[in-house]
Amino acid sequence: MISAVTWVPKGASKSSPVVAEPPSKDEIDEILKTGALRRSGDSDEDEQLDMDVDDSKDADEVAHALATAEALSKDQGDKGSHFQDIADGLRELDMDHYDDEDDGIELFSTGLGDIFYQSNDMDPYLQNKDDDDDDEEIEDMTIKPTDAVIVCARNEDEVWIFEESEDGDSNMYVHHDIILPAFPLCTAWLDCNLKSGDKGNFIAVGSMEPAIEIWDLDLIDEVQPFLVLGGVSKKKKKTKKTSVKYKKGSHRDSVLGLAWNKEVRNVLASASADKTVKIWDVVSGKCAVTVEHHRDKVQAVAWNQHSPEVLLSGSFDQSVVMMDMRSSNQVSNEWCVTADVESLAWDPHSEHSFVMDMRSSNQVSNEWCVTADVVSLENGTVQGFDVRASSDTDSSSKPSFTLHAHDKAVSSVAYNPAAPNFLATGSTDKMVKLWDLSNNQPSCVASQNPKAGAIFSIVFSDDSPFLLAIGGSKGRLEVWDTLSDLGVGGRFGKYSNRTIDPPPTD
């Protein structure tokens with residue numbers, strides 16, 4: 001399953017990512033001590049119990065096989081020599097003592113098989129005597145400035161390369177992966193350099209754990225995140241209960257949403273199941289602000305691109321809160337909705353509009369006390385609102401438009417960053433649809449089943465605005481070149497700098 005997809009801007013990645021140095025003994029000891037490699041709920045006692053059960057099970061199976069072979073050999077008489085051979089073989093293997101080491105065994109022999117050759121050229125058994133790495137492997141690991149890089153949140157983060165070509169053919173492959181200790185729920189790319197210099201290439205990951213991990217995407221085979229915001233400092237066992245001590249400023253539950261501020265580049269916002277929103281300074285690694293305006297899980301946060309100090313948050317308490325973070329203790333606006341908020345996104349073409357996904361409540365009402373640009377519901381309905389109409393109580397409950405977009409829940413929506421009124425919707429009905437919202441009269445321009453299963457995340461690329469990354473339940477990344485559709489090209493092609501081939505004529 002792919003829970004989130006994130007585009008990395010072209011040119012942000014190093015052309016030749018560096019292979020990380022293996023951890024030192026002290027670092028390994030620290031990792032083992034903190035339990036970072038152990039999944040939640042695991043314990044030494046459980047592991048030892050599993051090993052004991054497996055060992056006893058193996059021994060019982062061997063004994064049963066031996067007894068069966070001997071019984072069959074006796075029953076068959078002269079014809080049972082085959083079964084007797086099996087029984088003799090099992091005795092010779094002596095599986096009960098298979099793991100016992102022989103006394104005096106030599107781990108390092110001095111036989112002829114240990115001949116050492118000073119160079120590969122002298123070794124007659126090597127077919128490829130070139131000391132250099134394979135050219136094809138080097139090419140695959142090289143990231144060109146024109147390559148599109150996509151990070152997929154799965155049970156491990158995967159970094160994909162999407163190569164575009166002028167002839168329309170594309171090539172996509174996994175460049176490297178990052179092993180995570182917990183299932184990732186959300187990601188956010190950021191270029192604030194945590195090392196030195198101007199810009200970096202990092203991915204922030206929120207998961208089922210209270211910590212936010214920040215990984216350096218220019219490092220391969222790294223076993224530890226570059227920075228951890230919050231998290232558990234230590235666990236103590238007291239009788240049957242385990243007491244948990246958190247780091248200062250940490251979340252106390254799963255991190256459900258992340259948003260990086262592109263203007264104030266050292267700032268990262270996080271939403272958590274602990275009902276709080278936190279603002280982090282990633283340079284100092286500390287929590288600067290904690291907001292506690294919500295009464296239930298906070299699912300999503302989003303910065304306004306036109307007013308970078310304005311933050312929007314959506315919660316399972318069926319409310320949306322807009323805050324000016326220059327005075328974080330004061331709520332600028334709060335809207336109530338009739339369902340749990342799933343995700344948020346500001347319209348890039350208007351500072352007054354935002355996108356919101358919601359779970360539908362048991363009763364669906366046609367009256368709303370929130371004004372947004374687009375609202376998508378679990379029953380497949382998408383509605384549009386204008387936030388500036390919120391001051392007019394008569395018009396605030398009237399959506400700008402209503403359309404039945406999908407047969408099942410609309411799980412993700414995305415505005416095109418280049419073309420106004422161009423909206424994409426993804427649903428658990430496995431379909432992705434593209435809409436023209438002009439004049440508040442939505443019309444479906446194109447639809448596709450990308451074979452990704454139930455759709456959980458769709459995102460347009462900022463560099464190639466008509467490329468739509470799609471992640472779903474099948475765990476396979478898909479990229480749709482929406483401009484290749486004739487309907488999209490006809491409606492929105494003028495916003496692309498690409499040459500669009502005219503439709504074929506008879």
Side-chain angles (χ1 to χ4, degrees), residues 3-4 185-186 188 206-210 212 230 246 249-259 268-280 287-304 310-325 327-346 353-385 387 389-391 393 396-397 399 409-413 428 456-457:
S3 56
L185 301 176
C186 54
S207 70
M208 300 296 291
E209 300 295 331
I212 301 168
Y246 297 94
S250 174
H251 281 298
R252 300 296 196 266
D253 208 331
S254 306
V255 178
L256 307 179
L258 292 170
L268 180 74
S270 60
S272 172
D274 65 7
K275 308 177 186 179
T276 68
V277 173
K278 290 182 179 288
I279 308 300
W280 301 86
C287 176
V289 177
T290 298
V291 181
E292 299 177 337
H293 297 311
H294 290 289
R295 300 173 301 280
D296 205 338
K297 300 175 184 177
V298 187
Q299 178 73 9
V301 283
W303 294 102
N304 190 313
V310 176
L311 181 71
L312 203 65
S313 62
S315 169
F316 279 19
D317 64 7
Q318 300 184 0
S319 73
V320 176
V321 172
M322 186 171 71
M323 296 165 287
D324 186 334
M325 298 312 299
S327 55
S328 57
N329 293 328
Q330 200 168 17
V331 175
S332 300
N333 284 296
E334 183 173 0
W335 301 273
C336 60
V337 295
T338 59
D340 298 341
V341 178
E342 286 285 353
S343 65
L344 295 168
W346 289 96
S353 304
F354 60 88
V355 178
M356 180 168 52
D357 299 328
M358 297 185 292
R359 293 176 182 266
S360 68
S361 56
N362 293 331
Q363 287 185 323
V364 179
S365 172
N366 289 326
E367 293 187 359
W368 300 80
C369 53
V370 61
T371 54
D373 193 51
V374 172
V375 177
S376 59
L377 304 177
E378 195 171 12
N379 60 6
T381 299
V382 175
Q383 292 182 312
F385 297 84
V387 70
S390 61
S391 59
T393 56
S396 63
S397 61
V410 179
S411 53
S412 184
V413 293
T428 54
F456 296 135
S457 180

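The model shown is predicted, which means the values in this text are computed figures rather than measured ones.
Checked by atom type and distance alone, the side chain of Lys278 pairs as donor or acceptor with a backbone atom of Gly249 at under 3.5 Å. Listed for the Ser315 side chain is a donor-acceptor partner under 3.5 Å among the backbone atoms of Lys297. Between the side chain of Ser272 and the backbone N or O of Ser254, at least one donor-acceptor pair lies under 3.5 Å. Judged purely by atom type and a 3.5 angstrom limit, Trp280 has no side-chain atom pairing as donor or acceptor with the backbone of Ser270.
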Does the side-chain contact (heavy atoms from CB on, under 4.5 Å) test come out yes or no for Val291 and Met325, once each step is laid out? CA-CA 10 Å; Val291 181; Met325 298 312 299; 4.0 Å; yes
Checking side-chain contact (heavy atoms from CB on, under 4.5 Å) for the pair Leu258/Leu268: CA distance, chi angles, key distance, verdict? CA-CA 7 Å; Leu258 292 170; Leu268 180 74; 4.3 Å; yes
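The structure places CG of Asp317 at 4.5 Å from CZ of Arg295, a figure rounded to the nearest 0.5 Å. Distance OG/Ser411 to CZ/Phe456: 7.0 Å, rounded to 0.5 Å.
Closest heavy-atom contact between Val321 and His294: CG2-CE1, 3.5 Å. Pairing each heavy atom of Trp303 with each of Trp346, the nearest pair is O-CD1, 3.0 Å. The two residues Ala300 and Ala271 make their nearest non-hydrogen contact at N-CB, 4.0 Å. Residues His251 and Ile212 approach most closely at CD2-CD1, 4.5 Å, considering heavy atoms. Smallest separation of non-hydrogen atoms from Val298 and Leu256: O-CD1, 3.5 Å. In terms of heavy atoms, Cys186 sits closest to Ala4 at CA-CB, 4.3 Å.
The shortest side-chain heavy-atom distance between Met323 and Ser313 falls under the 4.5 Å cut-off.
Other residues, nucleotides and ligands contribute more than 12 heavy atoms inside 6.0 Å of the CE atom of Met322.
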